[in-house]
Structure formats: C-alpha cells, structure tokens
A.B. asks: 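Pasting a structure here, questions to come.
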2 protein chains.
Amino acid sequence: MELTDRKKRVLRSIVDLYIRTAEPVGSKAIAEMPDMNYSSATIRNEMADLTAMGYLEQPHTSAGRVPSAAGYRLYVDELMADYRLSIDETRSINCAIEEKMQRVDKMVEKVARLVSQATDLPAISVASRRGGATVKRFDLILAGAGSFILVMMLSTDEVVNKLIKLPLRVEEADLKLLAAVLNATMTDLSADAFTPALMERVMASADSAASLVPVIVDFTADVLRRQNSTNMAVAGQARLLDQPEYRNIDKAQRVLTGLDEETLSGLPAVMQNASGTQVLVGPEHVAQELKDTSVVMTKFDIGDGLQGMIGVVGPTRMDYAKVTARLSYFAESLSKMFNKPEQPQLPEHTDIDPK
Amino acid sequence: MELTDRKKRVLRSIVDLYIRTAEPVGSKAIAEMPDMNYSSATIRNEMADLTAMGYLEQPHTSAGRVPSAAGYRLYVDELMADYRLSIDETRSINCAIEEKMQRVDKMVEKVARLVSQATDLPAISVASRRGGATVKRFDLILAGAGSFILVMMLSTDEVVNKLIKLPLRVEEADLKLLAAVLNATMTDLSADAFTPALMERVMASADSAASLVPVIVDFTADVLRRQNSTNMAVAGQARLLDQPEYRNIDKAQRVLTGLDEETLSGLPAVMQNASGTQVLVGPEHVAQELKDTSVVMTKFDIGDGLQGMIGVVGPTRMDYAKVTARLSYFAESLSKMFNKPEQPQLPEHTDIDPK
DNA sequence: GTTAGCACTCAATCTCTCTGAGTGCTAAGC
DNA sequence: GCTTAGCACTCAGAGAGATTGAGTGCTAAC
C-alpha cells in the first residue's frame, strides 16, 4: 500500500492531537479539523490503512487510534512542523543560563535543572571528555617536614594537585631531582602507559627519592584515568508524574527507577557519532526501564576539550517539536556561553575541589 | 487523663502493627496479640482514650486507628524497641562501603545511593565544612609566557590551584616578589576579610606585579567562600513509590518534588546542634512539600574538617527502629572508614576536579 | 473515490446492594 | 471499679448489573 499525501496529513493530525490530549484519537475529531475536508468515514478508511501499515495502533476495538513507534518515527523525521520559540521562552531560557557556572559537576547539575524547567520534563545533562589527557609538566613543592605538594599541568591545560604526606623526611634536593626525573619519563604518557614496568623504571632513576615514586605514579595514573570520566546529572524526575501516562504508579515507578545516573550512563554512547538533535523513540532504547518513553538529546560544545550533552526524557507522546526546539536553543546558547572570548579579569575556569 | 503503662503498650502495639501493614489498626487485632491479655472491648476503651489524648486518629467511624504525629513522636522517643541488625545486614552494608571513595562529590553521591539501597527508601547524603578556612601559604609557578599556576595550601590541609593566563608577559622575578607579598598579607584571612580595601593594599605592595593581583585575590576569596559550601546528593527517589501511601500519584508527586537538593538544603541546618540520630516527624518539617513524611538523619565524621550527614525520607509510618538502626550503623562504619590510620602507600585524599 | 447510515463493540461510569471490619455503649461479671 | 460479652450502628469497599457513548467496520448509494 502506498503512503499517500493524504495519509500523511491524517497521520500528522492524529499525532498532533494525541500529543495535546494524551487520549486515543477518533475519526470524527480528525474530520472536524479546519483543513480536513473529508467526512469521518473517509478518515476512518485512511485510519484503517494506516493501522494496517503499522503507523497506528488501536488500544481496543471501540477506542480511537494511537500512534505506534513507527508512527512517531515518521512524524519526527518527516511530518512535524517546526516549533518557533516565543520571545518569552527564549528570554527565560537565556536568563536561566546567564548565571555563572563554575565547577563542571555543579554546572552539569545546574544545566540539568534548567533544561528540566524549560521543558517540564525530566532532564539529563552530561559533560564528557574527548580523548585521553597526558601530563605536560610536573612540579613538586616542599610543604613541611614529611609533606610536599605535587602539581601537574595536563595537556588539557588543567592543573591538578595533591598534598602528599609521608612518614619520612623529605629534602628539597630530593624533590628537585625527582621533579626532573618525572618530567623526563612521565610526561606525554596516556593513562594506559602507567604499568608496573614504568613504575620500576622511574624508581630506578629516582635514586634517593625512590620511596616517593609509588604514591606519585599511582596518583598520576588515577588522575589521567579520571580525566576520561564523564559527569552526569539528572533533574526534575518528579515532573514525569505530570504526564497523564504516568498516573499509573507502576509505570511511573519503572521509568523513575531508570532515571538515575547509573542506568542512563549508556546514553552518551548513543550520541557519540550522531550530530544535531537526536530523537530516540521507545523501543530503540538503551535502558530496559525506559522502553515506553522517548528521549530527545542534543550535543553542544563546552570548550576545553569537553563535550556537553543535554537531553529530555518523556512519554513517547511528547511534544517533539516544542521539546526539540527548546533543547536546540538551549544547546546553542550554552555553546555560545562557553566559547565566548575570555575576559582576562575573571578566572576563566576553576580547578578546585572543595573537598 | 493519665498515660498509663497499659496505654503506652497499646499505643506501641498499634504503631508497630501499622508500620508493618500500612492499614488502620482495629481493636481486635491488638487484643489478639500474644502479650495482650485483654479483650477487644478493653482495648477499644483504651484506644478511645488515646484518640482523645491526640495520639491516635480515625480515618472514618468504622475504620481502625492510625497513629497521629504526636503518636509517632512518643513512639520514637519512648516506646520503640531497638532493632538489631542481622549479620547479613551488617555484611551487606559493610561491603557496600568498602569500595574506594575518591572525590567528595562522587563520594556523597555514592553514599546516598548506598543508604537508599540499605533502607529501601530515598536517601540524602551531605558533606559540609565546619568553620571557615584560610590560606596557609601561596606558591606561584611560572607556566609559560603569559601564564602561571597559583597554588594555595589551605588551613584544612587541602591544596587548591589554578592556571592563570593573562594577556601580558609574566616574569619569574615578578612571581617571586608577588608570592612573598601574598604570603605576608593574605595568609590566615577568612573569606570575609577579602574586601576591596585589602585588594588595594596588596596591589600597592605588589609593585610591578600589581596587575596580577586582582585575579588572584578574587580567586582566593572565591575558593575560601566555596570551602564553606556543602555537597549534597539525593538518591533512590523512585523507591518512595514502593510505599503504599504513595500509590496516590498526587501525594507522590508532591513529595518527589520536595526531594531535590534545593528543597532539602535546609536539612543540614536542623542537624547543626543535634547529635546522634534525629527523627523529624511530619509537621515538624522544614520543607512544605514533605509535610506528610518523616526524615531520619544522623551525623558522622569524615575527617579533614568535613562533617558528613546521611538521612532517609519516608512515609510517617516508616519502620523507625529498623531505619534508625541501619542508619546509625552506616554512619558508624563511614566514620571508621574515613578516620582509619593513613596508609602511606595510598593517596589519602584527592584534590582534583577533572573539569 | 466519497459519504451517509447502520449494526456492532466495548471501556468507562453509574447505581445499587451486600459485606464485614470496626466502633461506642450498656449491662453483667469478677 | 475494672473488665468483658453483647448488640446495634456505621460506613468504605467490593461486586454485579445496567447504561452510556465514543468509536469502529461495512455496505450501498451518490
């Protein structure tokens, strides 16, 4: 059977209406729409065809039709109209973003909260690092009898440090020597180069300071490994319960259980090679728990070798056009914000962890 | 009317049973309990009295009784039996804790998740700093033409750093001078000492390096302020829906909305002066959204000037004895873990933020 | 190809009754 | 004077029909 233009128009109207009402859509409702100059019987025939083709489903005989996953897919890819953000919407998104974002983890949390607020749905926000970091330079600063500070400049232009306390005397001279050794042997190595063999080699060259080596090597490897880690936050889970499909507690619970950082950790991978805004409809999903939801995600650039991602989780019947529009605008604004010219007066980014 | 011993026994039995069943408790059920050698009629009289005294409530005439907030209060403070953890329980808590916890923010998240798992309820975990930090020492390391690294050792024994890039040449000599000035004027000052006046004083002494001062002063003030900040995580919100009282979506939604970091930020303050495990029953609450829940919280010591806190949010009818027991055990284990003798082989704590 | 008409289906809603758990009160018993 | 058996009363909740109405598929006429 062929998917005529009229069939597409009918399908589109059905999805639109279903998105608004969350109720199965009947032939009469479609026939009565302004641009639809056919009787309900005709629409009924078309609907029967669309059902046969797999774009619609019928909860039970005497109910209207509901879009199937394939129906949504078609809608998202071809049929849906662009949603234009109102000035009010852009303004409220903008001023939400304006606030300073300092640490990455806090930033990720805040972005998640903002996105959730802007879309009235649970939101995810991720910051992940591209590629492996290496150490560009080591410095050691004596800090007291048995303690010194290890400072590492990374290839990402970040600086990482650690106060190391040992139950033995540390001399200024040892540190000087050790720093030289470290800079000679351990710079420009990625995380997986930190093997026991390397450790031995470094210890051999370190001479009288050999006892300090293990702590440093372990720590360095740890930091590099951690550089590849991703930061993720979820916010606004409770908003899911605003959606009529989750008035059913068991459904709601299943989805809410799936809405934590651990279960969602597979999402960034899906976006890896994708660009622009991505819509995952129901069954295409990663996490089992989310099988009757949809996820809309989009990437953006944070700068400093970081890759940002924001996304929204909602019922399969969500207003894709609106959500996509808001998400894209959000992503664009965030990209701009993070990549705007640096102002020398202000710290451009912060490497602290107020433990 | 006097609260006789028998009345207390009846009340206790009612709360116990209600905690188990989540159903209003009738006189017959109490009368049939092993140690209760009275007829249901007698119990009925006692229940009528307890209702008059405000410890019980009646959903409707022909239903049983339900404990009121006052009833729970009395139960928690006086009546409830100690719950002994089974070996299995302690073991599973222990091995959950065993995993290494590295960064504070990650640690807080993980603890929240563990606590939630151990109690089957949504959990909160907080790490907050006691008292104001100061800088003990400044170091400046030249890192390139227009950039240098600022390293600060704090009174908390933490080390914080920042790579500063400026659109001007920086000389080794300037940095030496500046470091001396900073160490002379800006050490041992708490966050609120960082006024514009201080900035001017420092700039005056900094001589040729004066242009570097603003960035440094701002950053330092910022770090010190941030040192007082608290880290909070919430986990397992979805578990709330396991509880029969939250089969009602609207109730569930209200509470879930209240279960985010922002709304709960008032909780730590409540614990400020309290010690041991604290039970907040319903109306005594901070957040409006949580008015028909209870919160059980307990403090523990993380070391390094950090104060930990874990808590659980659940229906007013939660198994206080069990939750309290698990929480206390958890807190104790965490205290032990964080304060165990340092092992020189391993980094004892980490000050990085892999932005 | 389109549409009016009609018989059919079936979830949802409403009404009504019934059931039983639970109560309060009274009067008899220890 | 405390305890208890007994009884009348209340009322939420479950279950059984009956009713409604939105929606369908099919057919025959336009």
Side-chain angles (χ1 to χ4, degrees), chain A residues 1-11 13-15 17-18 20-33 35-68 71 244-245 247-248 251, chain B residues 1-11 13-15 17-18 20-33 35-68 71 244-245 247-248 251:
Chain A
M1 199 173 331
E2 217 207 328
L3 191 61
T4 62
D5 252 24
R6 191 170 70 182
K7 283 193 175 44
K8 285 188 187 170
R9 271 179 60 210
V10 171
L11 178 58
S13 302
I14 292 175
V15 180
L17 189 57
Y18 184 62
R20 280 221 313 281
T21 62
E23 302 272 294
V25 177
S27 53
K28 206 172 142 209
I30 298 300
E32 277 166 357
M33 286 181 150
D35 297 353
M36 200 59 76
N37 301 315
Y38 297 98
S39 77
S40 65
T42 310
I43 303 297
R44 254 194 317 276
N45 291 332
E46 294 290 44
M47 283 165 86
D49 290 352
L50 285 167
T51 308
M53 296 165 83
Y55 294 117
L56 294 178
E57 277 165 2
Q58 214 171 358
H60 57 86
T61 343
S62 71
R65 301 302 212 285
V66 163
S68 70
E245 28 274 280
R247 311 285 315 167
N248 174 334
K251 260 187 168 177
Chain B
M1 202 177 327
E2 216 206 329
L3 190 62
T4 62
D5 252 24
R6 193 172 68 183
K7 283 194 174 47
K8 284 186 187 172
R9 270 179 60 211
V10 171
L11 178 58
S13 302
I14 292 176
V15 180
L17 189 57
Y18 185 62
R20 280 221 312 282
T21 61
E23 301 272 294
V25 177
S27 53
K28 206 173 144 209
I30 298 300
E32 276 166 358
M33 288 181 149
D35 297 354
M36 199 60 75
N37 300 315
Y38 297 97
S39 76
S40 67
T42 310
I43 303 298
R44 245 180 342 262
N45 290 332
E46 294 290 44
M47 284 164 86
D49 289 352
L50 285 167
T51 308
M53 294 163 84
Y55 294 116
L56 294 177
E57 278 165 2
Q58 214 170 357
H60 58 86
T61 343
S62 72
R65 301 302 213 284
V66 162
S68 69
E245 28 274 281
R247 310 286 314 168
N248 174 333
K251 259 187 166 176

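Order of the sequence lines fixes the chain letters, A, B, ..., with proteins taken first and strands second; residue numbering starts at 1 for each chain. Everything numeric in this text was worked out from a predicted model, so none of it was measured.
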A.B. asks: With sequence neighbours left out, write down each residue that passes side chain to side chain contact (heavy atoms under 4.5 Å, CB included) with Ala31(A), or none if nothing qualifies.
C.D. replies: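 For Ala31(A) the side chain to side chain contact (heavy atoms under 4.5 Å, CB included) partners, ignoring immediate neighbours, are Ser40(A), Ile43(A).
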A.B. asks: State whether Tyr38(B) and Arg9(B) meet the cation-pi test: NZ (Lys) or CZ (Arg) under 6.0 Å from the six-membered ring centroid, and within 45° of the perpendicular axis.
C.D. replies: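 No.
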A.B. asks: Output one line per pair: protein atom, nucleotide atom from nucleotides 14-19 of chain C, and distance, for all N/O pairs under 3.5 Å.
C.D. replies:
none

A.B. asks: Take atom CG of Asp49(B) and atom C1' of dC2(D), then tell me their distance rounded to the nearest Å.
C.D. replies: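 Spelled out: CG on Asp49(B) to C1' on dC2(D) is 13 Å.
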A.B. asks: Please report the distance, rounded to the nearest Å, between NZ in Lys28(A) and C1' in dG21(D).
C.D. replies: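 From Lys28(A) NZ to dG21(D) C1': 10 Å.
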A.B. asks: Can you tell me the distance, in whole Å, between the CD1 atom of Ile14(A) and the C1' atom of dT24(D)?
C.D. replies: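 After rounding, the reported distance stands at 13 Å.
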A.B. asks: Can you pull out the residues from residues 54-64 of chain A that lie within a 4.0 Å heavy-atom distance of DNA chain C?
C.D. replies: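 The answer is His60(A), Thr61(A), Ser62(A).
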A.B. asks: To the nearest 0.5 angstrom, please state how far the CG atom of Asp49(B) sits from the CG atom of Leu3(B).
C.D. replies: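 So the gap between those two atoms works out to 10.0 Å.
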A.B. asks: Which pair of non-hydrogen atoms, one from Ile14(A) and one from Val25(A), has the smallest distance, and what is that distance?
C.D. replies: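 Closest heavy-atom pair between Ile14(A) and Val25(A): O-CG2, 3.8 Å.
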A.B. asks: Across nucleotides 3-9 of chain D, 5' to 3', mark each nucleotide with B, S or - according to how protein heavy atoms within less than 4.0 Å reach it.
C.D. replies: SBBB---
A.B. asks: Quick one: CG on Leu17(A) to CZ on Arg65(A), what's the gap to the nearest 0.5 Å?
C.D. replies: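 Rounded to the nearest 0.5 Å, the CG-CZ separation comes to 14.5 Å.
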A.B. asks: For the atom pair CD (Glu46(A)) and OG1 (Thr51(A)), what is the distance rounded to the nearest 0.5 Å?
C.D. replies: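 Between Glu46(A) CD and Thr51(A) OG1, I get 11.0 Å after rounding to 0.5 Å.
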A.B. asks: Any idea which heavy atoms bring Ser13(A) and Met36(A) closest together, and the distance?
C.D. replies: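 For Ser13(A) and Met36(A), the tightest heavy-atom pair comes out as OG-CE, 3.5 Å.
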A.B. asks: Does any pair with a residue in residues 20-30 of chain A pass side chain to side chain donor-acceptor pair (under 3.5 Å), and if so which ones, sequence neighbours excluded?
C.D. replies: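 Passing the test, one end in residues 20-30 of chain A: Ser27(A)-Arg44(A).
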A.B. asks: Looking at side-chain heavy atoms only, is the closest gap between Thr4(B) and Lys7(B) below 4.5 Å?
C.D. replies: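 A side-chain contact under 4.5 Å exists here.
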A.B. asks: Between C1' on dT24(D) and CD1 on Ile30(A), what's the gap in Å once rounded to a whole number?
C.D. replies: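 Ile30(A) atom CD1 is separated from dT24(D) atom C1' by 15 Å.
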A.B. asks: May I have the distance from Arg65(B) (atom CZ) to dG22(C) (atom C1'), rounded to whole angstrom?
C.D. replies: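 Arg65(B) atom CZ is separated from dG22(C) atom C1' by 9 Å.
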A.B. asks: Distance check needed: dA12(D) P versus Glu23(B) CD, whole Å only.
C.D. replies: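 Checked: the CD to P distance equals 15 Å.
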A.B. asks: Could you give the CD1-to-C1' distance, from Ile43(A) to dC26(D), as a whole number of Å?
C.D. replies: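 Taking CD1 of Ile43(A) and C1' of dC26(D), I get 17 Å after rounding.
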A.B. asks: Not counting sequence neighbours, which residues clear side chain to side chain contact (heavy atoms under 4.5 Å, CB included) with Asn248(B)? List them please.
C.D. replies: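 Expected list: Asp250(B), Lys251(B).
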A.B. asks: CD1/Ile30(B) to OG1/Thr42(B) distance, rounded to the nearest 0.5 angstrom?
C.D. replies: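 It is 13.0 Å, given to the nearest 0.5 Å.
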